[in-house]
Trainee: 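Structure provided below as structure tokens; questions to follow.
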Amino acid sequence: MNFQSHKSLLQIRLGKKIALCLIICANSLWIQAQEITSPNKNLSLKFELKEGGIPSYQLSYKQKAVIKPSSLGLELQNLPSFLDGFTVTNTAQSSVDENWNPVLGEEKTIRNNYNELVVTLAQAKNNNRYIRIRFRLFNDGLGFRYEFPKQNDLSYFVIKEERSEFNLAGNHKIFWIPGDYDTNEYAYTTSKISEVPSLMKKATIDINSQWPIKELAVQTPSMMKSDDGLYINIHEAGLINYPAMYLEVDAVNYKMKSHLAPDAVGAKGYIQTDAQSPWRTIVVSDKATEILASKLILNLNEPTSYKDVSWIKPVKYIGIWWEYFVAGKSTWAFGKENNVKLTDDFSKLTPNGKHGATTERAKEYIDFASKNGFDAILIEGWNIGWEDWINNWKEEVFDYVTAYPDFDVKAVHSYAASKGVKIIMHHETSGSATNYERRLDRAFQFMNDNGYDAVKTGYVGKIIPRGEHHDGQWMVNHYINVAKRAADYKIMIDSHEAVRPTGLNRTFPNWIAQESARGTEFESMGGLAPDHTTILPFTRLMGGPMDYTPGIFQTDLSYYGTGSTQRVNTTLVKQLAYYVTMYSPLQMAADIPGNYERFPDAFQFIKDVAVDWDNSYILEAEPGDYITIARKAKGKDAWFIGGITDENARTANITFDYLPAGKNFIATIYADAKEANWNKNPQKYTVTKVVVTSKTILKQYLAPGGGVAISIKEGNASELKGLKKI
């Protein structure tokens with residue numbers, strides 16, 4: 001071979017090596033950086049490993065940055081952490097497009113449509129210990145979680161902290177409450193992210209059993225709006241065997257990062273593989289209405305494993321409850337004593353003369369429920385132990401089966417059954433979860449024996465086991481255990497003071513509602529700002545239905561002559577609108593029955609309104625300002641509309657294009673009167689019947705702190721005669 005031929009051969013071989021190297025490098029870059037888009041192509045997710053093998057992701061919406069490059073990972077106790085040193089060993093992509101039907105809900109059928117990327121990450125320095133990060137990109141946002149497969153070098157570990165970052169693209173407007181391990185019952189503050197530090201002290205008002213986070217942090221769901229018109233909501237889905245997540249706030253760089261609730265010894269989660277974290281969720285749109293319409297959080301939860309769900313039903317109820325807060329004549333407690341034990345003879349206590357849950361009072365409420373078509377009544381204070389139930393960190397506080405001397409369980413059950421009314425049990429725990437768990441089966445059997453098929457649970461107070469928090473892993477598992485055990489007895493759960501919901505009503509459909517936010521009871525304890533309920537659907541209700549307890553007609557509480565100058569900061573009509581805007585399959589008419597009898601025409605809307613739905617239509621919305629929603633009743637040709645505003649009067653723009661075309665319908669409009677105002681003339685309203693069609697557009701005045709409620713049904717010729725058509 002001559003020199004020229006040898007040179008040519010070397011060039012060919014060198015060229016092949018360079019080409020092979022380029023292919024290897026290209027493959028390496030391809031496997032280290034992956035990108036997927038949402039089914040409608042509006043959202044784009046990019047995953048890559050930064051220098052040092054640090055996982056990172058970024059999210060954009062219509063070419064606008066939502067989350068700038070943000071690191072992912074977890075720090076562990078006494079083990080090498082899942083923060084860096086990773087290589088990508090595998091990626092997989094898939095797509096899902098399916099429909100499913102919730103047991104109860106805002107929609108009869110929900111579409112679950114996403115593109116998925118699963119990245120397997122290994123740490124060579126730790127014997128190739130590996131984890132997976134699973135991303136699901138929907139048309140309305142992103143969900144991602146960490147997965148910890150069972151493997152030789154990963155069996156048990158303790159989380160020191162999760163380090164998921166959310167690097168925001170600007171100084172957004174944010175609707176927030178302070179980060180707290182034990183309560184979600186703060187009032188909302190609206191500010192720029194940069195203003196959170198200066199406002200935190202003022203926002204952290206005194207609440208029973210609070211534990212504000214030392215680091216600057218806010219609760220989820222966290223609702224934001226960017227200057228360029230993007231609505232961004234950060235929360236979590238499928239919170240099981242893991243502590244709740246908060247968001248630490250870097251108010252200078254507009255960054256947020258996860259912060260988990262600790263347990264009594266400071267650990268943030270005990271994990272045994274095979275396991276996974278909850279989903280971290282980012283719902284995003286350039287329309288506020290699409291945030292409220294999102295079903296992303298529900299879609300990320302697992303389907304229920306219950307074989308029979310026929311016993312899970314929506315409930316509209318009244319209760320012996322509001323009178324404890326406002327009337328000044330009723331108490332939960334029976335006796336005057338303030339130091340009692342469950343072993344005491346409660347018949348020997350000195351009656352205080354104000355006990356609310358008496359047999360006679362229960363029968364009065366049963367009569368009212370039966371007369372007005374309510375499914376059930378809630379009776380609080382029926383059971384022994386209320387004399388010193390709060391603020392004593394007491395373990396043996398209630399037994400859940402023993403009634404006070406003036407409450408006859410059998411007689412009340414028999415009377416309710418004769419009237420076709422159910423009784424909702426009340427299990428306040430005073431935070432003593434250990435006591436409740438020990439007594440759970442006896443309490444549920446007692447319910448079965450006495451005809452109760454739903455229970456309102458409560459967790460007011462510091463948690464026992466002492467040192468645990470309402471939002472920690474132990475309590476998260478407790479709430480789920482209660483729901484699962486209740487299902488064995490075919491009992492529905494409505495939990496108050498529990499961790500905020502994360503869509504688990506799909507997996508455990510008997511967990512039909514929660515409080516977990518500042519609800520109506522606070523209208524008697526300092527009040528709620530008129531914009532509060534224009535924020536809640538964008539925050540707390542993103543995770544699931546809320547037992548908000550609306551329907552207060554007597555909004556000036558000085559009416560009761562107790563010396564209170566407190567008022568409910570809404571018009572009467574806004575209270576009606578809540579039955580549509582504040583979704584729950586469990587809805588209470590919370591006022592004292594006598595107040596409804598004073599306003600029978602307005603009360604008709606509460607009697608008529610549905611609580612389970614075929615379809616929901618978010619007509620208009622702006623967080624902190626206004627919301628208008630229309631819904632179709634489940635299995636009926638009946639529609640209901642609710643519209644609310646903040647402290648400002650406005651004109652709601654209401655369309656009816658969801659009605660069947662070519663038909664005339666009767667719309668009964670419950671509206672604020674022109675002179676109505678939340679703090680001056682809250683009970684001024686009008687009730688008008690008109691004819692509407694699918695082409696109707698209604699411009700409806702809402703008073704300051706007011707609303708509108710509309711019921712719609714198909715009318716025959718005689719019913720339509722003489723009515724104005726709009």
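Treat the numbers as computed from the prediction; the structure is a model and nothing was measured. Atoms considered below: every heavy atom in the structure, side chains included; atoms not considered: hydrogens, waters and symmetry mates.
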Trainee: Side chain to side chain contact (heavy atoms under 4.5 Å, CB included) with Glu523: which of Val326, Thr549, Thr570?
Mentor: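 It is Thr570, the one option of Val326, Thr549, Thr570 that forms the side chain to side chain contact (heavy atoms under 4.5 Å, CB included) with Glu523.
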Trainee: By salt bridge (charged side-chain N to carboxylate O under 4.0 Å, His left out), which residues pair with Lys64, not counting sequence neighbours?
Mentor: none
Trainee: Check the orientation of His478 and Tyr459. Use parallel for under 30°, tilted for 30 to 60°, and perpendicular for over 60°.
Mentor: perpendicular
Trainee: Where the side chain of Glu185 meets the backbone of Thr183, is there a donor-acceptor pair that is under 3.5 Å apart?
Mentor: no
Trainee: Look at the side chain of Thr273 and the backbone N and O of Ala275, then say whether any donor-acceptor pair between them is shorter than 3.5 Å.
Mentor: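 No.
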Trainee: Please list, chain by chain and in numerical order, all residues satisfying side chain to side chain donor-acceptor pair (under 3.5 Å) with Asn126, sequence neighbours excluded.
Mentor: Gln123
Trainee: Check whether the side chains of Asn477 and Asn241 place a donor and an acceptor atom closer than 3.5 Å, and report yes or no.
Mentor: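 Present: a donor and an acceptor within the cut-off.
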Trainee: So, does Asn301 use its side chain to make a donor-acceptor pair with the main chain of Gly238 at under 3.5 Å?
Mentor: yes
Trainee: We want to know whether Trp332 and Glu380 form a side-chain donor-acceptor pair, criterion being a heavy-atom distance below 3.5 angstrom.
Mentor: yes
Trainee: Is a side-chain donor or acceptor of Ser164 paired with a backbone partner of Ser258 at a separation under 3.5 angstrom?
Mentor: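 Not a single qualifying donor-acceptor pair exists.
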Trainee: Using 4.0 Å as the upper bound for N to carboxylate O, is an ion pair formed by Glu396 and Arg438?
Mentor: yes
Trainee: For the rings on Phe148 and Phe157, is their centre-to-centre separation under 6.0 Å?
Mentor: yes
Trainee: Which pairs, with at least one residue in residues 272-300 and sequence neighbours excluded, count as a salt bridge (charged side-chain N to carboxylate O under 4.0 Å, His left out)?
Mentor: Lys62-Asp286, Glu106-Lys295, Glu162-Arg280, Glu236-Arg280
Trainee: On the six-membered ring of Tyr188, is Arg518 placed so that its NZ or CZ lies under 6.0 angstrom from the centre and within 45° of the ring axis?
Mentor: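 No cation-pi geometry.
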Trainee: Side chain to side chain donor-acceptor pair (under 3.5 Å) with Lys125: which residues, sequence neighbours excluded?
Mentor: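 Partners of Lys125 under the side chain to side chain donor-acceptor pair (under 3.5 Å) test: Asp84.
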Trainee: The criterion is side chain to side chain donor-acceptor pair (under 3.5 Å); which residues satisfy it with Asp531, sequence neighbours excluded?
Mentor: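 Partners of Asp531 by the side chain to side chain donor-acceptor pair (under 3.5 Å) criterion come out as none, since no residue qualifies.
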Trainee: Check for a donor-acceptor pair, side chain of Ser432 on one end and backbone N or O of Glu395 on the other, with a separation under 3.5 Å.
Mentor: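 Present.
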Trainee: Could you tell me whether the side chains of Arg439 and Asn435 share a donor-acceptor contact shorter than 3.5 Å?
Mentor: yes
Trainee: I need the full list of salt bridge (charged side-chain N to carboxylate O under 4.0 Å, His left out) pairs touching residues 498-512, with sequence neighbours left out, sorted by first then second residue.
Mentor: Asp471-Arg500
Trainee: Can you find a side-chain donor-acceptor pair between Ser71 and Lys50 that sits under 3.5 Å?
Mentor: yes
Trainee: Residues in side chain to side chain contact (heavy atoms under 4.5 Å, CB included) with Asp494, at least two apart?
Mentor: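 Expected list: Tyr317, Lys456, His496, Ala513, Asp547, Leu586.
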Trainee: Okay, side chain of Ser81, backbone of Leu76: is any donor-acceptor separation there less than 3.5 Å?
Mentor: yes
Trainee: Just by distance, no angles: are the side chains of Asn648 and Asp625 close enough, under 3.5 Å, to form a donor-acceptor pair?
Mentor: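 Looking only at side-chain atoms, Asp625 and Asn648 do not form any donor-acceptor pair under 3.5 Å.
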Trainee: For the aromatic rings, using the six-membered ring if either is Trp, is the centroid distance between Tyr400 and Tyr436 under 6.0 Å?
Mentor: yes
Trainee: Who passes side chain to side chain contact (heavy atoms under 4.5 Å, CB included) against Pro550, sequence neighbours left out?
Mentor: Tyr548, Gln575, Tyr578, Tyr579, Gln587
Trainee: Suppose we call two aromatic rings close when their centres sit under 6.0 Å apart. Are Phe138 and Tyr114 close by that rule?
Mentor: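 Yes, close enough.
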Trainee: Within the 3.5 Å criterion, strictly below it, is a donor on Asn171 or Ser194 matched to an acceptor on the partner's side chain?
Mentor: yes
Trainee: Is there a donor-acceptor pair closer than 3.5 Å between any side-chain N or O of Trp279 and the backbone N or O of Leu300?
Mentor: yes
Trainee: For Pro585, give me all partners under side chain to side chain contact (heavy atoms under 4.5 Å, CB included), at least two apart in sequence or on another chain.
Mentor: Leu104, Pro314, Ile512, Pro545, Tyr583
Trainee: Would you tell me whether Glu497 and His470 have side-chain atoms, one donor and one acceptor, within less than 3.5 Å of each other?
Mentor: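 The answer is no; no qualifying pair exists.
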Trainee: Tell me whether Glu165 is salt-bridged to Lys257, with the criterion being a basic N under 4.0 Å from an acidic carboxylate O.
Mentor: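 Lys257 and Glu165: not salt-bridged.
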Trainee: What pairs meet the salt bridge (charged side-chain N to carboxylate O under 4.0 Å, His left out) rule with one or both residues in residues 212-228, with sequence neighbours excluded?
Mentor: Lys192-Asp227, Lys225-Glu622
Trainee: Would you please say whether a donor-acceptor pair under 3.5 Å links the side chains of Tyr479 and Ser495?
Mentor: no
Trainee: Taking the ring of Tyr181 and the ring of Tyr246, is the distance between their centroids below 6.0 Å?
Mentor: yes
Trainee: So, does Ser430 use its side chain to make a donor-acceptor pair with the main chain of Trp389 at under 3.5 Å?
Mentor: yes
Trainee: So does Asn167 get a backbone contact from the side chain of Gln58, meaning a donor-acceptor N/O pair under 3.5 Å?
Mentor: no
Trainee: Which residues satisfy the side chain to side chain contact (heavy atoms under 4.5 Å, CB included) test with Pro212, sequence neighbours excluded?
Mentor: Asp180, Tyr186, Thr204, Gln210
Trainee: Kindly write out the residues that satisfy side chain to side chain donor-acceptor pair (under 3.5 Å) with Glu147, not counting sequence neighbours, or none if the list is empty.
Mentor: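 Only Arg134, Arg145 meet the side chain to side chain donor-acceptor pair (under 3.5 Å) criterion with Glu147.
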